[in-house]
Number of protein chains: 2
Amino acid sequence: MKKKDDEMNHRSACAVSMALDAIGDKWSLLILRDLMFTNKRSYCELQSSDEKIATNILAARLQSLEATGLIRKAEDPANGRRTLYYLTEKGIDLLPVIIELKRWAEKHNTQTNSCADTLKLNDKNRKEVLTAFKKKLKSLHCTK
Amino acid sequence: MKKKDDEMNHRSACAVSMALDAIGDKWSLLILRDLMFTNKRSYCELQSSDEKIATNILAARLQSLEATGLIRKAEDPANGRRTLYYLTEKGIDLLPVIIELKRWAEKHNTQTNSCADTLKLNDKNRKEVLTAFKKKLKSLHCTK
């Protein structure tokens, strides 16, 4: 039986540390970014991103993201031999973290682009834009 | 001469990916958390946190955080042989990322505590609370 996140070994009870136990590496949030902001759902599609993730790292990260309940696997209805990956609600809830990373990098690096550019977010409309986008993600990812 | 962050090798030009090039590991954000929310400034103090970071990892992370301009070193005025670590403005700007990681973990883990609990933040007062706390951090860290 899989351990729930709460039963996993955490380095400390600090909330920030617990979050980094789940997604504190160079790749996990990029996989979640692709599931949030692109139509990539299969292993091959996720491997085709600009960052060129190595196949063994992608496999390991997908496994750990599933173990911590951030994504779920499903059979492709159009091709039973193909597995698709979807965000869970817990994964979708990381949207604000990804948005804040993006805003930080845009402020401090001159040459960036981002697949998250579809979200026109500022301090005033922040809550509404995030709520609407989370709702959209839930409709795309959280229906069986 | 040190390379500026913009001249470093990035996996792609995506803003999210660039941010993770700088702080995408299990430890960097915990060091920044301690500098933001505690009075820890020396190597020994930073090593004493609950997560028990290994000394070689702490040394490597402090070096890379300095190289990417997120922290700066200074001599302890009370003890010339001791080095203290301070946040730069670029490091302070990661406050919203840490706050969103904290909120996410608090929602999805039952047993958390956090040294960031001093910030009573909700969707309405978010901007004001973050602005005030950043100002406080600048006064603590960014004076020579």
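Sequence lines set the chain letters: A, B, ... in the order given, protein chains first and strands last, and positions in each chain run from 1.
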Q) Are L35(A) and L140(A) grouped together when hydrophobic residues (ILVMFWY) are joined by side-chain heavy atoms under 4.5 angstrom apart? A) no
(Q) Can you tell me how far apart CD1 (I98(B)) and CG (L20(A)) are? Round to the nearest 0.5 Å. (A) 8.5 Å
Q. Counting N and O atoms only, with roles assigned by atom type, does the side chain of W104(B) sit under 3.5 Å from a partner on the main chain of L95(A), one being a donor and the other an acceptor?
A. no
**Q.** Test item: V16(B) and I99(A) side chains (from C-beta on) under 4.5 Å apart, heavy atoms
**A.** no
Q | Contact check, side chains of S12(A) and K52(B), non-hydrogen atoms, under 4.5 Å | A | no
Q | Region of L70(A) that comes under 4.5 Å of a non-hydrogen atom in chain B | A | side chain
Q) Between atom CZ of F37(A) and atom SG of C14(B), what is the distance when rounded to the nearest 0.5 Å? A) 9.0 Å
Q: Apply side chain to side chain contact (heavy atoms under 4.5 Å, CB included) to the pair H10(B) and N109(A), showing each step before the final yes or no.
A: CA-CA 11 Å; H10(B) 289 293; N109(A) 294 275; 4.0 Å; yes
Q.
Would a single hydrophobic cluster contain both Y86(A) and I23(A), if residues Ile, Leu, Val, Met, Phe, Trp and Tyr are joined by side-chain heavy-atom contacts under 4.5 Å?
A. no
Q. Okay, side chain of K26(A), backbone of D25(B): is any donor-acceptor separation there less than 3.5 Å?
A. no
(Q) Closer than 4.0 angstrom, basic N to acidic O: yes or no for E100(A) and R103(B)? (A) no
Q. Can L84(B) be reached from I71(B) by stepping across I, L, V, M, F, W or Y side chains whose heavy atoms are under 4.5 Å apart?
A. no
Q. Of the backbone (N, CA, C, O) and the side chain (C-beta and beyond), which part of K107(B) lies under 4.5 Å from a heavy atom of chain A, both, or neither?
A. side chain
Q. Can you name the closest pair of heavy atoms from A15(A) and K102(B) and give their distance?
A. CB-O, 3.8 Å
**Q.** Side-chain ion pair, D50(B) and R11(A), N-O less than 4.0 Å
**A.** no
Q: May I ask you to check whether over 12 heavy atoms, not counting those of Q63(B), lie within 6.0 Å of atom CD?
A: no
